[in-house]
Amino acid sequence: EAVEARAHSLPLPPLLANATTLYTLRDMLSPALCERVISEARRVGFAQSPHLAANTVLQVSVHRSTKLLAIFHAMYEALRPFVRARYDAELVRWEDPTSVPQFRAACNDAFVSQYVAGPKYAGISLHRDAEDFAFVAQLNARDFDGGGTFYPHYGPHTTQLAQGDLGVHPGFVLHGGAPITSGERFI
């Protein structure tokens with residue numbers, strides 16, 4: 001509960017206080033790469049999420065696999081120009097504490113999530129991320145029903161991504177993962 005309370009009370013970075021734009025980047029990941037991520041995450045093994053808001057999905061930290069970590073770093077690097085242009089922020093690698101642009105955003109937590117239809121692991125309640133930005137990649141094809149990301153401040157609709165699409169938003173934007181009603185969803 002303390003982690004969730006902290007995430008909801010984090011002060012907004014000055015340069016991001018009004019940067020609430022949500023983006024969908026189409027075809028960021030190839031279907032083959034998406035399948036490799038799912039396969040490697042299954043090999044490593046999913047477990048209940050340690051995050052309070054997300055304890056209704058199964059997750060694998062990218063730190064548990066050198067393959068997942070390498071894919072994440074490549075995606076993170078590819079997103080640096082986008083974040084710089086759209087949010088006037090600089091993504092820095094965990095290993096690069098010396099960079100001092102106007103606003104530095106570092107990612108300290110990255111994982112692959114599995115939603116499973118049923119009463120236990122189907123969705124994620126409303127929350128704010130402790131990270132500066134959230135990057136949500138849809139890894140599997142739409143062989144599930146339901147799901148998607150919802151943002152209550154942007155209306156009642158749910159954002160649906162296609163396989164390989166990537167949703168980007170500041171971490172402080174309130175959002176949740178809509179439950180799936182059949183199949184499995186991987187992000």
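For Phe133 and Tyr87, the distance between ring centers is under 6.0 angstrom.
Seen from the ring of Phe172, Arg128 does not count as a face-on cation partner, given the 6.0 Å and 45° thresholds.
Across all non-hydrogen atoms, the minimal contact from Phe46 to Ala41 is CZ-CB, 3.5 Å. Here the closest non-hydrogen pair linking Thr158 and Gly147 is CG2-O, 3.5 Å. Residues Leu126 and Gly176 approach most closely at CD2-N, 3.9 Å, considering heavy atoms. In plain terms, the two heavy atoms of Gly123 and Val57 that are nearest each other are O-CG1, 3.7 Å. Heavy atoms only, all atoms of each residue included: Gln59 and Ser113 are closest at NE2-OG, 3.0 Å.
Between Phe135 and Met28 the shortest side-chain heavy-atom distance does not fall below 4.5 Å. With contacts defined as side-chain heavy-atom distances shorter than 4.5 Å, the pair Tyr151/His157 does not qualify. Looking at heavy atoms from C-beta onward, Leu22 lies out of side-chain contact with Thr149 at the 4.5 angstrom threshold. Between Ile38 and Val112, the closest side-chain pair of non-hydrogen atoms is not below 4.5 Å. Annotation: side chain of Leu166 is in contact with side chain of Met75 (closest heavy-atom distance under 4.5 Å). In this structure, the side chains of Gln163 and Glu35 come closer than 4.5 Å at one or more pairs of heavy atoms. Side-chain contact between Val37 and Leu68: present, with at least one pair of heavy atoms (C-beta onward) separated by less than 4.5 Å. Using a 4.5 Å heavy-atom threshold, the side chains of Val62 and Phe111 count as separate.
Put simply, CG on Asp165 and CZ on Arg26 are 4.5 Å apart, with the number rounded to the nearest 0.5 Å. Atom CG of Leu174 and atom CZ of Phe150 lie 8.5 Å apart (nearest 0.5 Å). The distance from the CG atom of Leu25 to the CG atom of Leu79 is 6.5 Å, given to the nearest 0.5 Å. The structure places OG1 of Thr24 at 11.0 Å from CD of Gln160, a figure rounded to the nearest 0.5 Å. Taking OG1 of Thr21 as the reference point, atom CZ of Arg86 lies at 10.0 Å (rounded to 0.5 Å). One finds the CZ atom of Phe72 at 13.5 Å from the OG atom of Ser65 (value rounded to the nearest 0.5 Å).
Side-chain atoms of Gln114 and Glu184 form a donor-acceptor pair, as typed in the model, at a separation below 3.5 Å.
For His175 (side chain) and Val173 (main-chain N/O), a donor-acceptor pair under 3.5 Å exists by modelled atom type. Formation of a donor-acceptor pair under 3.5 Å by the Asn140 side chain with backbone atoms of Phe186 is found in this model. Checked by atom type and distance alone, the side chain of His169 never pairs as donor or acceptor with a backbone atom of Gly167 at under 3.5 Å. The backbone N or O of Gly45 lies less than 3.5 Å from a partner atom in the side chain of Arg64, making a donor-acceptor pair. Side-chain N or O atoms of Asp129 include none that pairs as donor or acceptor with a backbone N or O of Ala134 at under 3.5 Å.
Here Phe82 pairs with Tyr23 under the ring pair (Phe, Tyr, Trp, His ring centres under 6.0 Å) rule; sequence neighbours left out.
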Kindly determine whether Arg84 and Asp88 satisfy side-chain contact (heavy atoms from CB on, under 4.5 Å), including the steps that lead there.
CA-CA 5 Å; Arg84 187 180 306 120; Asp88 193 26; 5.7 Å; no
**Request:** Could you go through the side-chain contact (heavy atoms from CB on, under 4.5 Å) check for Arg142 and Arg185 one step at a time?
**Result:** CA-CA 8 Å; Arg142 296 257 343 148; Arg185 178 183 183 215; 5.6 Å; no
Could you go through the side-chain contact (heavy atoms from CB on, under 4.5 Å) check for Ile180 and Asp145 one step at a time? CA-CA 6 Å; Ile180 62 169; Asp145 293 315; over 6 Å; no
